[in-house]
Amino acid sequence: MYVGRFAPSPTGPLHFGSLIAAAGSFLRARAQGGRWLVRMEDIDPPREIPGAADDILRTLETYGLEWEGEVLYQSTRLTAYREVLEFLHRAGLAYACTCSRKEVGQAAGPGGVYPGICRGRRERPSQPHAVRVMVGDGRITFEDALQGRVSQDLARDIGDFVIRRADGLYAYQLAVVVDDAYQGVSEVVRGADLLDSTPRQIRLQQLTGLPTPAYLHLPVAVDAATGQKLSKQNLAPPLDRARPLPAIVQALTFLGLNPPMELLDGDVASAWAWAMAHFDVARLPQRRTVLLDEVKIRP
Ligand code: GLU
Ligand code: ZN
């Protein structure tokens with residue numbers, strides 16, 4: 001059974017860039033006759049905006065993006081993350097790192113790769129410390145369903161990476177791997193801005209014995225004027241709940257479909273029904289970025 005998911009972080013309202021990831025994963029799951037889940041990645045309270053999680057879910061509803069089952073909140077999953085962390089510790093695959101940010105910066109050099117200063121340490125210091133996982137040797141290579149073959153040398157390009165921060169918060173990389181497995185996700189469809197994280201996630205799956213799902217990384221929307229991807233950080237405008245159809249039709253255009261402009265006069269359910277009948281991975285732009293200007297619609 002195909003299981004897909006959309007996993008927003010409640011750091012602000014959904015914008016057009018998030019809609020691409022939501023719509024792409026939704027259509028892919030539905031076109032396969034599969035399930036589509038929503039997971040709220042609320043494990044970083046300092047970055048959260050109060051009310052954003054509810055706001056995101058309300059927007060998904062208004063946009064007709066209906067998920068199955070209950071929303072999984074990562075804040076309820078800390079025990080599971082701790083168990084995996086303990087397993088890695090016991091297996092000698094993770095270690096406490098007491099380096100300060102400054103020490104890491106100095107040791108890492110220009111590439112930003114942590115050189116494993118604390119590697120080999122078995123005890124857990126009582127002072128606050130990060131936990132790093134050992135990446136080992138060799139390249140990670142996987143076939144992305146859209147971007148093709150992707151390969152990364154983790155030791156050279158990333159280094160032993162943090163799976164629990166010194167402030168006690170679990171890292172995205174760990175939580176995402178544990179929960180994709182827990183929810184039985186068979187394919188991860190998300191933005192190509194996360195392509196760089198995937199080899200780390202595959203290494204964690206290998207080290208913990210969790211399954212590796214298939215991956216499809218959609219291009220991300222880039223604003224032509226600034227050359228930057230749409231994000232909450234650069235204040236992409238929130239999706240308009242009062243008028244979902246223009247953004248939906250634009251998202252379908254972005255995803256390589258050629259939606260008839262009559263969809264704008266219908267309702268969201270008819271727009272998705274049309275999209276499900278026409279969605280085709282072969283029509284997705286095989287790129288990591290698409291300029292927003294390329295997908296302007298003229299309603
Ligand atoms: N929560 C992540 C984000 O909003 C996405 C995680 C994922 O899809 O793996 O950027
Ligand atoms: Zn260290």
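Because the structure is predicted, anything quoted here is derived from the model rather than measured. Whatever order the structure lists them in is the order used to number ligands and atoms, beginning at 1. Computed from heavy atoms alone, side chains included, the values below leave out hydrogens, waters and symmetry copies.
Residue contact annotation: Thr98 places no N/O/S atom under 2.8 Å from the Zn ion (ligand 2).
Shortest non-hydrogen contact noted between Val38 and Trp67 is CG2-CB, 3.4 Å.
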Could you walk me through whether Val162 and Val133 pass the side-chain contact (heavy atoms from CB on, under 4.5 Å) check? CA-CA 7 Å; Val162 171; Val133 68; over 6 Å; no
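For the pair Gln201 and ligand 1, no heavy-atom separation below 4.0 Å is found.
When each atom of ligand 1 is checked for a heavy atom of Arg190 under 4.0 Å away, the hits are 7 (C), 8 (O), 9 (O). Distances below 4.0 Å separate heavy atoms of Tyr172 from the following atoms of ligand 1: 6 (C), 7 (C), 9 (O). When each atom of ligand 1 is checked for a heavy atom of Val176 under 4.0 Å away, the hits are 9 (O).
Hydrophobic clustering (ILVMFWY, side-chain heavy atoms < 4.5 Å, transitive): Val135 and Val150 are in one cluster.
Panel note: side chain Ser270, backbone Gly266; no donor-acceptor pair is recorded below 3.5 Å.
Side-chain N/O atoms of Arg190 and His217 include a donor and acceptor closer than 3.5 Å. Between the side chains of Thr98 and Gln127, no donor-acceptor pair of N or O atoms lies under 3.5 Å.
Using bins of under 30°, 30° to 60° and over 60° for the plane-to-plane angle, the ring pair Trp36/Phe6 lands in the parallel bin.
Neither the backbone nor the side chain of Met40 comes within 4.0 Å of ligand 1, counting heavy atoms alone. In Phe6, neither the side chain nor the backbone holds a heavy atom less than 4.0 Å from any atom of ligand 1.
In terms of protein heavy-atom proximity, atom 5 (C) of ligand 1 is closest to Ala7 O, 3.4 Å. For atom 4 (O) of ligand 1, the closest non-hydrogen atom of the protein is Ser9 OG, 3.3 Å. Scanning all protein heavy atoms for the shortest distance to atom 6 (C) of ligand 1 gives Glu41 OE1, 3.2 Å. Annotation: atom 7 (C) of ligand 1 to nearest protein heavy atom, Arg5 NH1, 3.3 Å.
Judged by the 6.0 Å and 45° rule, Arg132 forms a cation-pi pair with Tyr114.
Note: Trp272 and Tyr63 fail the aromatic proximity criterion, with ring centroids not under 6.0 Å apart.
Angle SG (Cys99) to the Zn ion (ligand 2) to SG (Cys118): 110°, rounded to 10°.
Of the candidates Val189, Leu194, Ile56, Thr11, the one placing a heavy atom closest to atom 10 (O) of ligand 1 is Leu194.
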